[in-house]
A.B. asks: 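One structure follows; several queries about it will come next.
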Amino acid sequence: FLMIDLCGHIACGLPWRGHGIKQGRVLYIAGEGGGGLHTRLQAWFDHHGEPMRNFDVSTVPLELCDPKNADALIADIRDFVGDEQIQLIVLDTLNTHFGVGDETDTKDMTQFRKSAAKLGKATGAAVAIVHHPGHGNKEREKGAIALRQGIDWGYRVERVGEITTITTTKMKDAPHPPPLSWTLTQQPLPWANEKGEPINGAV
């Protein structure tokens, strides 16, 4: 929900949480949950009264531990968007785009990180990676520490009851901003299930 909210604001040129953004195209690459993603997207655009635009979605996992797959993705993006600038690429989640490598292995994690950096450099986009917390330590991300060492910014998202909070865990070249919290709001959708019952989304 957080990444869709951020992507939607960038796609539509709307300020996000009081901060100005640079409007442009976003690419959301979801390795899982494609059906639910469609509902969440529709809910976001309906809630904000905006026509759906500048928001492209792929549900094909990338296996970025293999550098050849990063090159193939870059070529596909160029064929798809031409010379148009992409502002943000979301990889959701790291696990589904990792491939046959081992997330706990420093070499494999470093290769994944290099592929993500190559993707950003080739397209000019910021790359956001959605990742799970550690199994025993919820204060840090799962897998090799090489991931945290190589990123520019890191954030932890936690939900307690109805309140979700995002807290900065790494900020390479600036002070840590204060945490942000929010709740989900139900959004009616123009759809119904096979029984004729309305389908709702959330934002």
Side-chain angles (χ1 to χ4, degrees), residues 1-62 64 70 72-94 96-97 116 119-131 152-153 155 157 159 162-166 168 177 179-203:
F1 286 104
L2 170 63
M3 293 312 303
I4 288 173
D5 186 60
L6 183 58
C7 287
H9 280 80
I10 293 172
C12 295
L14 303 175
W16 188 81
R17 304 295 182 261
H19 299 281
I21 57 91
K22 187 174 182 180
Q23 182 178 13
R25 199 163 186 169
V26 298
L27 173 59
Y28 200 106
I29 309 177
E32 58 188 9
L37 182 61
H38 179 59
T39 299
R40 294 178 184 188
L41 276 176
Q42 186 70 47
W44 190 93
F45 281 94
D46 285 2
H47 179 79
H48 291 276
E50 295 282 347
M52 197 173 291
R53 64 191 188 278
N54 297 329
F55 202 130
D56 301 303
V57 175
S58 171
T59 56
V60 180
L62 302 178
L64 288 176
L73 175 61
I74 291 166
D76 287 345
I77 290 173
R78 285 176 173 163
D79 288 342
F80 184 60
V81 303
D83 295 329
E84 186 176 353
Q85 173 67 47
I86 298 178
Q87 297 298 338
L88 178 64
I89 297 173
V90 177
L91 303 178
D92 184 2
T93 60
L94 181 147
T96 55
H97 295 305
L119 175 61
K121 186 174 182 180
T123 61
V127 178
I129 304 167
V130 179
H131 190 32
D152 293 323
W153 311 281
Y155 303 92
V157 180
R159 184 173 181 179
E162 297 300 316
I163 307 296
T164 303
T165 300
I166 180 172
T168 306
L180 290 172
S181 296
W182 66 91
T183 59
L184 291 178
T185 300
Q186 183 172 282
Q187 175 63 37
L189 295 173
W191 304 330
N193 61 23
E194 63 276 3
K195 297 180 180 179
E197 299 166 338
I199 294 176
N200 297 317
V203 294

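Values reported hereafter were calculated over all heavy atoms of this structure, with side chains retained and with hydrogens, waters and symmetry mates removed.
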A.B. asks: Where do Leu119 and Ile77 land on the side chain to side chain contact (heavy atoms under 4.5 Å, CB included) test, with the steps shown first?
C.D. replies: CA-CA 10 Å; Leu119 175 61; Ile77 290 173; 3.8 Å; yes
A.B. asks: Could you grab the distance from atom CD1 of Ile89 to atom OG1 of Thr123, nearest 0.5 Å is fine?
C.D. replies: 3.5 Å
A.B. asks: Look at the rings of Trp44 and His9 and say which category their plane angle falls in: under 30° parallel, 30 to 60° tilted, over 60° perpendicular.
C.D. replies: perpendicular
A.B. asks: Would you confirm whether Gln85, through its side chain, and Gly24, through its main-chain N or O, come within 3.5 Å as a donor-acceptor pair?
C.D. replies: no
A.B. asks: With a 3.5 Å distance limit and no angle check, can you tell me whether His97 reaches the backbone of Ile29 through a side-chain donor-acceptor pair?
C.D. replies: yes
A.B. asks: For side chain to side chain contact (heavy atoms under 4.5 Å, CB included), just list the numbers for Val26 and Val90, CA-CA rounded to whole Å, side-chain angles, deciding distance to a tenth of an Å, and then say yes or no.
C.D. replies: CA-CA 8 Å; Val26 298; Val90 177; over 6 Å; no
A.B. asks: Within this structure, what is the CG-CD1 distance for the pair Leu6 and Ile21, rounded to the nearest 0.5 Å?
C.D. replies: 8.5 Å
A.B. asks: In Å and rounded to the nearest 0.5 Å, what is the NE2 to OG1 distance from His38 to Thr59?
C.D. replies: 12.5 Å
A.B. asks: Checking Asp92 side chain against Ala30 main chain: does a donor-acceptor pair fall under 3.5 Å?
C.D. replies: no
A.B. asks: Within a 6.0 Å radius of atom CZ on Arg17, are there more than 12 heavy atoms belonging to other residues, nucleotides or ligands?
C.D. replies: yes
A.B. asks: Hey, what do you get for CZ (Phe80) to CD1 (Ile86), rounding to the nearest 0.5 Å?
C.D. replies: 8.5 Å
A.B. asks: Taking atom CH2 as the centre, does Trp182 end up with more than 12 heavy-atom neighbours from other residues, nucleotides or ligands that are less than 6.0 angstrom away?
C.D. replies: yes
A.B. asks: For the atom pair CG (Asp79) and CD1 (Ile74), what is the distance rounded to the nearest 0.5 Å?
C.D. replies: 12.0 Å
A.B. asks: Go through the steps to decide whether Gln187 and Gln42 satisfy the test side chain to side chain contact (heavy atoms under 4.5 Å, CB included), and finish with yes or no.
C.D. replies: CA-CA 9 Å; Gln187 175 63 37; Gln42 186 70 47; over 6 Å; no
A.B. asks: So which heavy atom on Arg53 is nearest to which on Ala11, and how close?
C.D. replies: O-CB, 3.4 Å
A.B. asks: Rounded to the nearest 0.5 Å, what separates atom CG in Leu88 from atom CG in Asn54?
C.D. replies: 12.5 Å
A.B. asks: Looking at every non-hydrogen atom in both residues, tell me the closest pair between Cys7 and Phe55 and how far apart they are.
C.D. replies: CB-CE1, 3.4 Å
A.B. asks: Walk me through it: do Val203 and Asp5 pass the test side chain to side chain contact (heavy atoms under 4.5 Å, CB included)?
C.D. replies: CA-CA 8 Å; Val203 294; Asp5 186 60; over 6 Å; no
A.B. asks: For Glu162, does the CD atom have more than 12 heavy-atom neighbours from other residues, nucleotides or ligands under 6.0 Å away?
C.D. replies: no
